[in-house]
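This is a predicted model, so every value here is computed, not measured.
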Amino acid sequence: MSQVAAAHPDRRIELWFEDEARVGQKGRTTHRWWLRGQRPSGLCDKRFTSAYLFAAVEPATGAEVALVLPTVSTAAMSRFLAELSTQIAPDTHAVLVLDQAGWHGARALVVPPNLTLVPLPPYSPELNPVERLWLYLRERYLSHRLLEDYGAVVDACCAAWTALIQEPGRIQSLTSYPWPPCLNS
């Protein structure tokens with residue numbers, strides 16, 4: 001962060017985290033609470049229609065940006081970065097921490113000038129606070145559902161994200177890891 005701050009001395013630096021999650025018909029088999037000693041399996045669809053929820057959050061403030069897109073690709077990531085860029089204040093530069101998925105480092109990726117991408121070390125999803133949002137959304141809003149088609153998948157993603165952001169302080173409580181405040185800015 002200190003290198004980014006030195007490169008942009010006239011701007012405030014914000015720390016954001018980004019990730020994508022597949023949401024679709026093919027879910028995981030989960031179990032429901034039932035009678036004492038019994039845990040019957042819940043609904044699990046075996047069809048394959050899905051969408052991808054792209055999200056970025058700033059744990060310090062709870063600010064968030066999310067898009068539901070049909071695929072994960074360099075073009076989709078460029079579209080998401082363009083949307084995130086519009087949500088960053090004009091006097092601010094954002095450091096966006098993300099994993100090393102292929103489309104995050106592609107040459108064709110269009111990174112807006114008010115963003116700097118910082119990759120996490122390989123095989124370390126536990127360092128990305130957004131992973132906890134996916135777990136929360138799946139446990140609370142996206143499991144035990146049969147989704148008819150692509151439109152229903154998109155609607156479920158939008159409804160889940162809307163429910164999440166309507167809970168005051170929920171994003172901050174889920175994404176506040178102890179190590180980000182230790183970074184120099």
Exam field: side chain Arg11 to backbone Pro90, donor-acceptor pair closer than 3.5 Å:
yes
Any idea which heavy atoms bring Gln172 and Ala60 closest together, and the distance?
NE2-O, 3.0 Å
Contacts of type salt bridge (charged side-chain N to carboxylate O under 4.0 Å, His left out), residue Arg140, not counting sequence neighbours:
none
Intermediate values then yes/no, side chain to side chain contact (heavy atoms under 4.5 Å, CB included), Val97 and Leu120
CA-CA 7 Å; Val97 179; Leu120 285 168; 3.6 Å; yes
Is there side-chain contact between Leu164 and Ile171, with heavy atoms separated by less than 4.5 Å?
yes
Could you see if Val110 belongs to whatever hydrophobic cluster contains Leu69? Use Ile, Leu, Val, Met, Phe, Trp, Tyr and a side-chain cutoff under 4.5 Å.
no
Side-chain contact, heavy-atom cut-off 4.5 Å: Glu18 with Met77?
yes
Just wondering, do Leu96 and Phe17 contact through their side chains at under 4.5 Å, heavy atoms?
no
Using the rule side-chain contact (heavy atoms from CB on, under 4.5 Å), only one of Leu67, Leu137, Asp19 pairs with Leu53; which is it?
Leu137
At what distance, to the nearest 0.5 angstrom, does CH2 of Trp16 lie from OG1 of Thr61?
6.0 Å
Restricting to non-hydrogen atoms, name the atom on Trp134 and the atom on Ala55 that form the minimum distance, rounded to 0.1 Å.
CH2-CB, 3.5 Å
Given side chain to side chain donor-acceptor pair (under 3.5 Å), test Tyr136 with Glu131 step by step and report yes or no.
CA-CA 9 Å; Tyr136 182 81; Glu131 295 287 347; over 6 Å; no
